[in-house]
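These notes concern the structure reproduced below.
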Amino acid sequence: MTVTNQTDGATTTTAAATTQTTIDAGSPLYIHPSDNPGSSLVPVPFDGVGYRSWRRSVLSALIVKNKLGFITRDTEKPVANSPLFRQWERCDDMVTSWILNSLSKDITDSVEYVNDSVELWKELQDRYDQTNGAKLYQIQKEINDLSQGVLDITGYYTKMKKLWEELNTLSVKAHCSCICTCGAKENMHKAEQDRRLIQFLMGLNEVYTVVRGSILMMNPLPNMAQAFALLIQEEKQKEFRPRNQLNVDSTALRAQSAATEVNHKLKKPFYISS
């Protein structure tokens with residue numbers, strides 16, 4: 001309720017306070033007491049490298065805060081004479097501040113004069129979200145060239161999965177969103193998962209040849225989670241093998257050498273001096 005016998009400034013403040021108390025906690029216009037313009041949406045500010053990963057983290061944070069609609073235009077701006085207009089501006093300024101705080105200082109300085117969160121988000125997207133053949137080629141080449149090397153199974157899988165997800169986000173517009181009833185979509189997904197599994201197995205070190213062969217013999221092929229579990233189990237077993245295996249091999253080698261020496265002496269002719 002607005003008190004009309006006060007000054008314009010006081011009336012506006014009272015109206016804003018009334019509007020604030022009537023906003024439901026589930027509304028995008030609701031500002032939680034813990035929300036403040038000094039917060040950042042990501043732990044590491046974006047410095048121009050890895051835009052897709054940064055973008056995904058920001059979107060997730062905005063979804064949690066129920067503020068994604070401000071950059072997607074789903075939360076429409078009220079008309080100027082609406083009692084919710086000032087509240088919408090407050091929320092939009094809050095989102096803008098969060099995004100700016102999630103950027104490095106150099107990038108922040110170049111976009112700090114944008115008008116709203118939509119303009120800021122579009123500016124960053126136009127600059128850094130350049131999906132082209134060169135980028136696709138670079139990521140695909142990294143995937144093809146990746147091998148386990150000195151990495152453990154978890155490290156190798158994490159690195160490979162990150163490249164897969166980056167490649168997947170680059171081609172997000174090519175994804176089919178229709179409802180499939182014939183099963184073709186599910187079959188295509190399975191074929192893609194099998195291709196990734198084989199690609200992952202190809203980069204494993206030779207010590208995993210046996211378990212790799214076992215996985216490839218399965219029909220149908222297991223999913224990545226199942227194959228990963230098998231490889232982790234094999235890796236843990238190998239952690240206890242090297243020292244014991246080395247002792248066994250050394251003992252066997254010494255025994256073989258001793259046997260060879262004895263056999264050689266037995267076959268050596270005897271000479272009796274006169």
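- Considering every non-hydrogen atom in both Lys67 and Cys91, the closest pair reads CE-SG, 4.2 Å.
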Take Tyr30 and Gln87 through the test side-chain contact (heavy atoms from CB on, under 4.5 Å) and record every step on the way to the result. CA-CA 8 Å; Tyr30 176 77; Gln87 183 66 15; over 6 Å; no
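- Ring centers of Phe70 and Trp88: under 6.0 Å apart, within the cut-off.
- Within 6.0 Å of atom NZ in Lys190, more than 12 heavy atoms from other residues, nucleotides or ligands are found, so the atom counts as buried in its surroundings.
- Taken together through direct or relayed side-chain contacts under 4.5 Å among Ile, Leu, Val, Met, Phe, Trp and Tyr, Ile31 and Leu84 form part of one hydrophobic cluster.
- A donor-acceptor distance shorter than 3.5 angstrom exists from the side chain of Asp35 to the backbone of His32, with no hydrogens or angles considered.
- Side chain of Asn66 to main chain of Leu68: no donor-acceptor pair is present (N/O by atom type, distance under 3.5 Å, no hydrogens or angles).
- Here Leu103 contributes atom CG and Thr108 contributes atom OG1; the two are 4.5 Å apart, rounded to the nearest 0.5 Å.
- Salt bridge absent: Lys162 and Glu165 never bring a charged side-chain N and a carboxylate O closer than 4.0 Å.
- In this structure, Tyr51 and Trp121 have tilted ring planes: the angle between them lies in the 30° to 60° band.
- In this structure, the separation between CG on Asp106 and OG on Ser104 is 5.5 Å, given to the nearest 0.5 Å.
- Under the 3.5 Å distance criterion, the side-chain polar atoms of Glu119 are left unmatched by any main-chain donor or acceptor of Val114.
- Of the inter-residue distances, the one linking Asp92 atom CG with Thr96 atom OG1 reads 4.5 Å to the nearest 0.5 angstrom.
- Taking the six-membered ring for Trp and the full ring otherwise, Phe200 and Phe228 have centroids separated by 6.0 Å or more.
- Proximity of a side-chain donor or acceptor of Ser60 to a complementary backbone N or O of Arg56 within less than 3.5 Å is detected.
- In this structure, Asn205 contributes its side chain and Val207 its backbone to no donor-acceptor pair below 3.5 Å.
- Ion pairing of Lys105 with Glu112 is absent here, as no side-chain N (NZ or NE/NH1/NH2) approaches a carboxylate O to less than 4.0 Å.
- Relative to the six-membered ring of Trp164, Lys159 misses at least one condition, a distance below 6.0 Å or an angle of at most 45° to the axis.
- The shortest side-chain heavy-atom distance between Leu230 and Gln226 does not fall under the 4.5 Å cut-off.
- Under a 4.0 Å N-O distance rule, the pair Arg86/Glu89 qualifies as a salt bridge.
- In the hydrophobic clustering of this structure, Ile63 groups with Phe46; members are Ile, Leu, Val, Met, Phe, Trp, Tyr whose side-chain heavy atoms approach within less than 4.5 Å, directly or through other members.
- Both Tyr208 and Leu221 are members of a single hydrophobic cluster when ILVMFWY side chains are connected at heavy-atom separations under 4.5 Å.
- When atom types are taken as modelled, the side chain of Ser110 and the backbone of Ile107 share a donor-acceptor pair closer than 3.5 angstrom.
- With contacts defined as side-chain heavy-atom distances shorter than 4.5 Å, the pair Met160/Met224 does not qualify.
- To the nearest 0.5 angstrom, Ser117 atom OG is 9.0 Å from Arg73 atom CZ.
- The shortest side-chain heavy-atom distance between Ile153 and Leu204 falls under the 4.5 Å cut-off.
- Here CG of Leu41 is found 8.0 Å from CG of Asn101. Values are rounded to the nearest 0.5 Å.
- Checked by atom type and distance alone, the side chain of Asp129 never pairs as donor or acceptor with a backbone atom of Arg52 at under 3.5 Å.
- Dense packing is recorded around CZ of Arg55, with more than 12 heavy atoms of other residues, nucleotides or ligands lying under 6.0 Å away.
- Judged by distance alone, the side chains of Asn36 and Ser39 do bring a donor and an acceptor atom under 3.5 Å apart.
- Ile99 places a side-chain heavy atom less than 4.5 Å from the side chain of Leu124.
- For the 3.5 Å distance criterion, the side chains of Asp152 and Thr154 fail to qualify, holding no donor opposite an acceptor.
- Looking at heavy atoms from C-beta onward, Leu231 lies in side-chain contact with Ile215 at the 4.5 angstrom threshold.
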Taking it one step at a time, do Leu59 and Ile71 satisfy side-chain contact (heavy atoms from CB on, under 4.5 Å)? CA-CA 9 Å; Leu59 292 177; Ile71 63 172; 3.7 Å; yes
Mind running salt bridge (Lys or Arg N to Asp or Glu O under 4.0 Å) on Glu235 and Lys238 for me, showing each step along the way? CA-CA 5 Å; Glu235 182 181 57; Lys238 288 183 179 297; over 6 Å; no
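- Proximity of Ser40 to Ser102: side-chain heavy atoms (C-beta onward) are separated by under 4.5 Å at one or more points.
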Before you tell me yes or no, could you show the steps for Gln138 and Lys141 under side-chain contact (heavy atoms from CB on, under 4.5 Å), namely the whole-Å CA-CA distance, both residues' side-chain angles and the distance that decides it to 0.1 Å? CA-CA 5 Å; Gln138 177 188 349; Lys141 188 175 187 306; 5.9 Å; no
For a salt bridge (Lys or Arg N to Asp or Glu O under 4.0 Å) check, start with the C-alpha distance between Lys161 and Glu166, then their side-chain angles and the critical distance, and finish with the verdict. CA-CA 9 Å; Lys161 193 172 189 299; Glu166 190 172 357; over 6 Å; no
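- Considering NZ of Lys65 and CE of Met94, their distance stands at 8.5 Å, rounded to 0.5 Å.
- Side chains of Trp54 and Val44 form no contact here, defined as non-hydrogen atoms less than 4.5 Å apart.
- Arg127 and Glu123 are joined by a salt bridge, as a carboxylate oxygen and a charged side-chain nitrogen come within less than 4.0 angstrom of each other.
- Tracing side-chain contacts under 4.5 Å through hydrophobic residues (I, L, V, M, F, W, Y), one never reaches Leu62 starting from Val118; they form parts of separate clusters.
- Under a cut-off of 6.0 angstrom, the local environment of CE in Met188 is sparse, with at most 12 non-hydrogen atoms contributed by other residues, nucleotides or ligands.
- A 4.5 Å side-chain heavy-atom check between Asn223 and Gln193 finds every atom pair outside the cut-off.
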